[in-house]
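Report on the structure given below.
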2 protein chains.
Amino acid sequence: MFDLKYIPTSMYCMYSPTPVKDSTRDQLLEAAKSLLWEVGYESMSPRKILERSGAGHGSLYHHFSGKADLAGTALLEIEVELTESLDRALLADVSPIERIRRFLNKKRQGNKGCRLGRLTQEASIASPTLRDPIARYFSHAEKQLTQTLQEAITSGELQPDINPRDLACGLLSIIQGGYVLSRANGNGKYATISARGALALLDSATLK
Amino acid sequence: MFDLKYIPTSMYCMYSPTPVKDSTRDQLLEAAKSLLWEVGYESMSPRKILERSGAGHGSLYHHFSGKADLAGTALLEIEVELTESLDRALLADVSPIERIRRFLNKKRQGNKGCRLGRLTQEASIASPTLRDPIARYFSHAEKQLTQTLQEAITSGELQPDINPRDLACGLLSIIQGGYVLSRANGNGKYATISARGALALLDSATLK
DNA sequence: GTCTATAGCGTGATAGAC
DNA sequence: GTCTATCACGCTATAGAC
């Protein structure tokens, strides 16, 4: 049996023409998703979730087994959203290198951090409920970028002596590290500056 | 008057032939430094600090005004240590590009994260006590890397159309992002893989 | 300089009425 | 499905004896 309750909110549209986004459960999820981005998992107290969602104490523990369960469900939705966004950037409607550029040029909120990457430092991600969505997203991103870079080599756009997987990880890291620099310097622009550095390097490895 | 109490432990050797590293205050600092690396600031409770250091409750609040003060002092020491390590890698005893390679090739503990970068996601770094040492380190690193890359361009090692500051931020980001990937994947090797990607890109931007 | 006792507060969850 | 009351616990800090 396929329990509709466990389908991420962002996927409802695939199954229902009128997605119910204003149920108490959904409001709890939206509150959790925004708090995970703003303050992370450990600092996201039930109190804050209830304040932001407008839900009552009873509702949280009725719809979810607890904080970890709510966060895990929220992370599943975030995973879907980020994965869709990544796949859109890498859509094969332009040349492989052009897709990579589109990915690097994405708008990013440096001062807030990556919605998944920022949770990576917390001790609590040792728990599979929290770790799995994060690990799956990065694993998918690595795979898709590697494949796109491999295509770029095959098509003669990129120097053939470059290891596509190493470069894929390097590019993913630049994005994640750009967030770190942004927060360290208290200046969201560092995410953009770092991406620009990556674009320049990529350019010099590109065969004209 | 220059208060010796505020000289980072790692600098004692410069002033005294027999550095006192076993005082209760120093034990508290060492415990805080290791905990900041392992669990971060917010999860570093006074209880854990006292357990690890062997000090008693009274000592903590005698030597420091509280948790924030202790952490701030510990961060000052970490800042000095990381800065020294960076400067050693960039020592001008080899060619500029070779110095950059030495920096990228440093041994790193991917599964633990950067001792300063990992604190970047916590809400508490809004406080200057915690933010300043982190911001100073990254600012210094950006400056030193930029200068080294500029030298590489001047000496004809690096393509002149590359913006040294953008690239400096890109390289710093790759290191920081490598830590993020390592923790996301639960595999410390990603820090090395990302650095390898950076080295390859740098190679292709280097004039042979 | 270190000890013990204690305090106020927030967290994360449970119980049971409605 | 939501409400209020309540709980045990850990956090961070203070007080005052020694």
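Lettering follows sequence order; numbering is per chain, from 1. A quick note: this is a predicted structure, and the numbers were derived from the prediction, not measured.
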TODO: Identify, residue by residue, the members of residues 40-50 of chain A with a heavy atom below 4.0 Å from DNA chain D, and return them in order of residue number, or none.
DONE: none

TODO: Kindly indicate, with the supporting measurements, whether the criterion side-chain contact (heavy atoms from CB on, under 4.5 Å) is fulfilled by B:R99 and B:E151.
DONE: CA-CA 11 Å; B:R99 292 172 227 160; B:E151 284 179 46; 3.0 Å; yes

- [ ] Please state how far atom CD in A:Q27 lies from atom C1' in D:dT2, giving the value in whole angstrom units.
- [x] 13 Å

Task: Atom pair distance, as rounded to whole Å: CG in A:L60 and C1' in C:dT11 - done: 13 Å

TODO: Specify the separation, in whole Å, of atom NE2 of B:H63 and atom C1' of C:dG1.
DONE: 6 Å

Task: Distance test, side-chain N/O of A:H62 to OP1/OP2 of D:dG1, below 4.0 Å - done: yes

Task: side-chain N/O B:T24 vs C:dG1 OP1/OP2, d < 4.0 Å - done: no

Task: Under 3.5 Å: donor-acceptor pair, side chain of A:S43, backbone of A:G40 - done: no

Open item on the list: Using whole Å, what does the distance between atom P of nucleotide D:dT2 and atom OH of A:Y61 come to?
Closed with: 15 Å

- [ ] Mark yes or no: A:K67 above the aromatic ring of A:Y41, with NZ or CZ under 6.0 Å from the six-membered ring centre and no more than 45 degrees from the axis.
- [x] yes

Open item on the list: Is the positively charged end of B:R196 above the ring of B:Y190, judged by distance under 6.0 angstrom from the centroid and angle within 45° of the axis?
Closed with: no

Task: SB check B:E51 B:K48 (cutoff 4.0 Å) - done: no

Task: A:F64 CZ - C:dA13 P separation (whole Å) - done: 13 Å

Open item on the list: If the threshold is 4.0 Å, N to carboxylate O, is there a salt bridge linking B:R183 and A:E122?
Closed with: no

- [ ] Round to a whole Å and report the spacing from CG of B:L28 to C1' of D:dT12.
- [x] 15 Å

Task: Per-nucleotide protein contact string for nucleotides 3-8 of chain C (B base, S sugar-phosphate only, - none; heavy atom under 4.0 Å) - done: BB----

Open item on the list: Strictly below 4.0 Å, N to O, side chains only: are B:D203 and B:R101 in salt-bridge contact?
Closed with: yes

Open item on the list: Between C1' on C:dG1 and CG on B:D26, what's the gap in Å once rounded to a whole number?
Closed with: 15 Å

Open item on the list: Taking the basic N atoms (NZ, or NE/NH1/NH2) and the acidic carboxylate oxygens, is any pair closer than 4.0 Å for A:R25 and A:E30?
Closed with: no

Task: Cation over ring face, A:R131 and A:Y137, 6.0 Å, 45° - done: no

- [ ] Take the protein atom NZ of B:K67 and the nucleotide atom P of C:dG10, then report the distance between them rounded to whole Å.
- [x] 16 Å

